[in-house]
Amino acid sequence: MQFRLSSRITRHPICRVLGLAVALGAIACDAGAAEGTVAVAANFTSTAQKLADTFERRSGHKLVIATGSTGQLYAQIRQGAPFDALLAADQLRPARLFAEKQAAAKPFTYATGQLALWSPDPGRISSDGAAFLASDKVGRIALANPKLAPYGLAARESLEAMGLWDGYRDRIVMGQNIAQAFQITASGGVSAGFVALSQLQDAPAGLKGSHWVVPAELHTPIRQDAVLLLRGKGNPAAKAFLAFLTEAEACTAIRAAGYAPAESCP
């Protein structure tokens with residue numbers, strides 16, 4: 001079976017600028033560097049790429065990023081894909097890999113997603129999203145399938161917590177995943193949709209619109225876990241990258257991308 005990787009090999013800048021006169025120095029850089037392959041859930045891809053850039057500059061290690069849905073990546077790992085680490089969109093698959101003895105260490109939460117109610121119309125959603133949802137101004141709304149997507153489940157739990165689920169049951173336009181929920185809302189087919197806050201951070205200026213961050217206490221936390229796989233047990237690049245995810249610089253970047261970083265973050 002073939003696995004598609006998104007290769008992004010980058011050398012440490014110090015090593016890059018060294019010429020022949022300092023060739024021995026470059027060799028020294030390479031001697032301590034390693035290359036790791038990290039499988040990353042699709043929702044975290046752009047953030048992971050930014051983190052990898054910073055990590056490579058600091059460490060001299062190199063990373064290859066492979067992306068896909070968490071379910072796809074999990075299946076590929078079980079079929080022997082050459083991944084050293086996994087950054088999943090949930091806690092379930094990393095826990096399964098650890099239980100199946102395909103992980104070298106226990107998983108840990110590197111980011112927690114934040115749910116947002118969003119409309120491309122800048123004047124549609126006020127700071128009190130709960131009042132907006134309870135009003136008679138709302139028609140159909142979009143959300144991801146709660147049976148398949150953690151953000152969809154969080155949206156349903158939030159509506160239930162506000163006592164609004166039954167009122168919306170027949171007015172929901174369902175996407176199979178959070179990307180589809182975003183597309184449905186962006187197309188204007190519904191008045192608002194439940195999406196990931198990280199999607200809004202990356203949205204074009206014309207789609208920023210208005211949004212309300214759904215209070216975390218209304219739904220089960222959308223925790224995303226990372227795990228070092230057996231193949232990465234002896235890989236310094238993979239191990240160092242996972243450790244980097246809880247360092248201050250990475251935590252700041254994860255927070256800026258619309259996620260809550262690891263609890264151990266400064």
Step-by-step side-chain contact (heavy atoms from CB on, under 4.5 Å) determination, D90 to Q224: CA-CA 4 Å; D90 61 17; Q224 302 191 192; over 6 Å; no

Flag the pair D225 / F108 as yes when at least one side-chain heavy-atom distance between them is below 4.5 Å, and no otherwise. no

L242 side chain near L87 side chain, heavy-atom distance below 4.5 Å: yes

Applying a strict under-4.5 Å side-chain criterion to I, L, V, M, F, W and Y, I'd like to know whether I172 and L164 cluster together. yes

Would you check if there is a donor-acceptor pair between the side chains of E157 and T220 at a distance under 3.5 Å? yes

Just checking E100: does its CD atom have more than 12 heavy atoms from other residues, nucleotides or ligands closer to it than 6.0 angstrom? yes

For residues L117 and H211, determine if any side-chain heavy atom of one lies less than 4.5 Å from a side-chain heavy atom of the other. no

For the side chain of R171 and the backbone of G139, is there at least one donor-acceptor N/O pair under 3.5 Å apart? yes

May I ask you to test the V173-I141 pair for a side-chain heavy-atom distance under 4.5 Å? no

Could you tell me if the side chain of V64 sits less than 4.5 Å from the side chain of V38, heavy atoms only? no

Closer than 4.0 angstrom, basic N to acidic O: yes or no for E247 and R58? yes

So for atom NZ, which belongs to K106, do other residues, nucleotides or ligands contribute more than 12 heavy atoms lying within a distance under 6.0 Å? no

Is it possible for you to say whether L153 and L115 belong to one hydrophobic cluster, with membership spreading through side-chain heavy-atom contacts below 4.5 Å? no

Can you find a pair of side-chain heavy atoms, one from H61 and one from F241, that are under 4.5 Å apart? no

Heavy-atom donor-acceptor pair, R124 side chain to P120 backbone, under 3.5 Å: no

Full working for ring-ring contact (aromatic ring centres under 6.0 Å, His included) between W118 and F182: CA-CA 9 Å; W118 166 67; F182 184 91; 4.5 Å; yes

Same apolar cluster (I L V M F W Y, side chains within < 4.5 Å links), Y110/L92: no

Is the side chain of K208 donor-acceptor paired with the backbone N or O of Q201 at a distance under 3.5 Å, no angle test? yes

Does a salt bridge link K50 with D53, judged by any charged N lying under 4.0 Å from a carboxylate O? no

Side-chain donor/acceptor of T70 to backbone N/O of A89, under 3.5 Å: yes

Closest non-hydrogen atom pair, P94 against L86: CG-CD2, 4.5 Å

Test applied, side chain to side chain donor-acceptor pair (under 3.5 Å); reference residue, Y259; option that passes from T112, T47, N43: N43

For R255 and P261, which heavy atoms make the closest approach, and how far apart are they? NH2-CG, 3.3 Å

Which pair of non-hydrogen atoms, one from F83 and one from A66, has the smallest distance, and what is that distance? CE2-CB, 3.7 Å

I77 side chain reached by Q102 side chain, heavy atoms, under 4.5 Å: yes

Return the minimal non-hydrogen interatomic distance between I125 and A192, and the atom names on each side. CD1-CB, 4.1 Å

With a 4.5 Å limit on heavy-atom distance, are the side chains of F44 and I254 in contact? yes

Count I, L, V, M, F, W, Y as connected when their side-chain heavy atoms are under 4.5 Å apart, and connections chain through other members. Are Y151 and M162 then in the same cluster? yes

Rounded to the nearest 0.5 Å, how far does OG1 of T246 lie from CZ of F244? 9.5 Å

Cluster check L159, L218: I/L/V/M/F/W/Y, side chain < 4.5 angstrom: yes

Can you tell me how far CZ of F132 sits from OG of S119, rounded to the nearest 0.5 angstrom? 6.5 Å

Provide the closest heavy-atom pair for A48 versus V40 in the form atom of the first, atom of the second, distance. CB-CG1, 3.8 Å

Give a yes or no answer on whether the side chain of E56 reaches the backbone of L63 with a donor-acceptor pair at less than 3.5 Å. yes

Any donor-acceptor pair under 3.5 Å linking the side chain of D84 with the backbone of T37? yes

Counting N and O atoms only, with roles assigned by atom type, does the side chain of T109 sit under 3.5 Å from a partner on the main chain of A111, one being a donor and the other an acceptor? no

Could you check whether any side-chain N or O of Q199 sits under 3.5 Å from a backbone N or O of A196, counting only pairs where one atom can act as donor and the other as acceptor? yes

Short side-chain to backbone donor-acceptor contact, Q180 and Q176, under 3.5 Å: yes

Nearest-0.5 Å distance, NZ of residue K233 to NZ of residue K239: 9.0 Å

Return the minimal non-hydrogen interatomic distance between G193 and T185, and the atom names on each side. CA-OG1, 3.4 Å

